[in-house]
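Each chain gets a letter, A, B and so on, in the order the sequences are listed, and its residues count up from 1.
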Number of protein chains: 2
Amino acid sequence: MLKLSRLTDYAVAALVRLSAAEGVATSPGIAAAIGVPEPTVAKVLKSLAGQGLVTSTRGARGGYRLGRKLSDITVAEIIVAIDGPIALTSCVEGSAGTCESQTLCPVAGRWDPVNTAIRDALQNITLADMAQAALPPGLRLSEVA
Amino acid sequence: MLKLSRLTDYAVAALVRLSAAEGVATSPGIAAAIGVPEPTVAKVLKSLAGQGLVTSTRGARGGYRLGRKLSDITVAEIIVAIDGPIALTSCVEGSAGTCESQTLCPVAGRWDPVNTAIRDALQNITLADMAQAALPPGLRLSEVA
DNA sequence: AATTAACAGGACGATTTAAGTCCTGATTGC
DNA sequence: GCAATCAGGACTTAAATCGTCCTGTTAATT
């Protein structure tokens, strides 16, 4: 149903939270802030660090820092960092050759135009766009159990 | 990972196949043509019929017929017919109220712009676009085991 | 120098979701 | 009357994902 993973949702929340913190933020700190279990947040941050969306500092008093400005991070990048390359179907040009039933492939249509359209759409949306109307009246992030 | 269901894939194949057949086509016939189990094809066609993408004729010598031209059927419609409304996350305006953790929702960002962008992209692609480069040289649909 | 705090990376189990199948009923042509 | 076909739903099975945990590495503090 064209859904994206929940981890991507957490990633957005974590990045927005990181932008709020001026300096570094630890994964347990972010976890408490956004109301998500710590191991899960840690996993998400690790994936984001792998793509360079956040930079990490190890050791005591270490933590994560935003790699770029929110306006320079696209939704597509986040999805790629968390879930891998964007491909709606297994039958795309990227995975050419793996489609064993190519000779009698039931997919008469090519999904490539769809994939590129989706990819373009996601690349034109930045985190800044999402964070804009992010906080409805009376909604405070600091309120966490 | 932003993938769509395999049934949607079958739906496209079935619709393209339907456009090839001048008259009506039965679900077992289509199943044999595209190399997909009959019950599965039947399920897909029923969903498509529910959205008016195909018209059905009951009784002996009945079958399915294409509801509109290929150029008038968008990818978005197919996805909606098979998988329901297009919503990347559970936190969209459509399902407002069901989000119980709204007061402390970790999703600081709004996915609505993303959803609408995806929806627009899918509505601008018709089946005719997909069927265009559908058949590479030497690829014949009739070749089915 | 030892200890503590925090990231890095991978592997594992459990839950959830989707896929595929089957059944019964209604309708139409021969 | 009989056969063929669609309509609709429920069920079982399989797969992918979520979430957690464990171990190792790095750096600041005492």
Side-chain angles (χ1 to χ4, degrees), chain A residues 1-11 13-14 18 21 23-32 34-67 79 81-84 87-90 106, chain B residues 1-11 13-14 18 21 23-32 34-67 79 81-85 87-90 106-107:
Chain A
M1 61 174 63
L2 207 81
K3 73 168 181 208
L4 49 82
S5 66
R6 207 176 309 169
L7 296 181
T8 309
D9 213 344
Y10 299 156
L18 259 180
V24 296
T26 66
S27 71
I30 296 176
I34 65 180
V36 172
E38 299 181 33
T40 302
V41 172
K43 185 179 192 176
V44 169
L45 287 172
K46 277 180 269 186
S47 298
L48 293 176
Q51 289 293 323
L53 296 180
V54 298
T55 60
S56 59
T57 310
R58 295 167 75 142
R61 290 185 60 83
Y64 290 98
R65 195 184 303 261
L66 211 55
I79 296 177
I82 302 295
D83 296 324
L88 277 71
T89 61
S90 51
Chain B
M1 58 180 64
L2 208 80
K3 74 172 178 203
L4 51 81
S5 66
R6 206 176 310 169
L7 295 182
T8 309
D9 213 343
Y10 300 156
L18 259 180
V24 295
T26 66
S27 72
I30 296 176
I34 64 179
V36 172
E38 300 180 32
T40 303
V41 172
K43 186 180 190 175
V44 169
L45 286 172
K46 277 181 271 188
S47 299
L48 292 177
Q51 289 292 324
L53 296 180
V54 297
T55 59
S56 60
T57 309
R58 295 167 76 143
R61 289 187 60 83
Y64 290 98
R65 195 184 302 260
L66 211 56
I79 296 177
I82 301 297
D83 296 323
L88 276 72
T89 61
S90 50
V107 189

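At whole-Å resolution of the value, CG in A:D9 and P in D:dT17 are 16 Å apart. Rounded to whole Å, the distance from CG on A:L45 to P on D:dG19 is 14 Å. Note: NZ (A:K43) to C1' (D:dT20) measures 9 Å, nearest angstrom. The separation between B:Q51 atom CD and D:dG8 atom P is 12 Å, rounded to whole Å. Going from atom CG of B:L4 over to atom P of C:dT17 covers 18 Å, rounded to whole Å. Protein atom OH of A:Y10 is 15 Å distant from nucleotide atom P of D:dT17, rounded to whole Å. Rounded to a whole Å, the CG atom of A:L7 is 18 Å from the P atom of C:dT15. Atom OH of A:Y64 and atom C1' of D:dA27 are 15 Å apart (whole Å).
Annotation: side chain of A:I82 is in contact with side chain of A:L48 (closest heavy-atom distance under 4.5 Å).
For the pair A:L18 and A:A25, the tightest heavy-atom approach, listed with the atom from each and the gap, is CD2-CB, 3.6 Å. The nearest pair of heavy atoms linking B:V24 to B:R61 is CG2-O, 4.4 Å. When all heavy atoms of A:S27 and A:V41 are compared, the closest pair comes out as O-CG1, 3.9 Å. For the residue pair A:L53 and A:A81, the shortest heavy atom distance occurs at CD1-CB, 4.1 Å. Here the shortest heavy-atom pairing between A:Y10 and A:I34 reads O-CD1, 4.3 Å.
Listed pair A:T26 / C:dA5 fails the phosphate criterion, with no side-chain N or O lying under 4.0 Å from OP1 or OP2. When the side-chain nitrogen and oxygen atoms of B:R6 are compared with OP1 and OP2 of D:dA15, none of them lie within a distance under 4.0 Å. Close to C:dT21, at under 4.0 Å from its OP1 or OP2, lies a side-chain N or O of B:T40. Of the side-chain N and O atoms in A:S27, none sit less than 4.0 angstrom from OP1 or OP2 of C:dA6.
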Exercise for the section: For each nucleotide in nucleotides 22-30 of chain C, reading 5' to 3', give B when a protein heavy atom comes within less than 4.0 Å of its base, S when such contact involves only the sugar-phosphate, and - otherwise. Expected result: ---BBBBSS
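Taken from CD1 in A:I79 to CG in A:L4, the straight-line distance is 5.5 Å, to the nearest 0.5 Å.
Note on A:G50: nothing from the nucleic acid sits closer than 4.0 angstrom, heavy atoms only.
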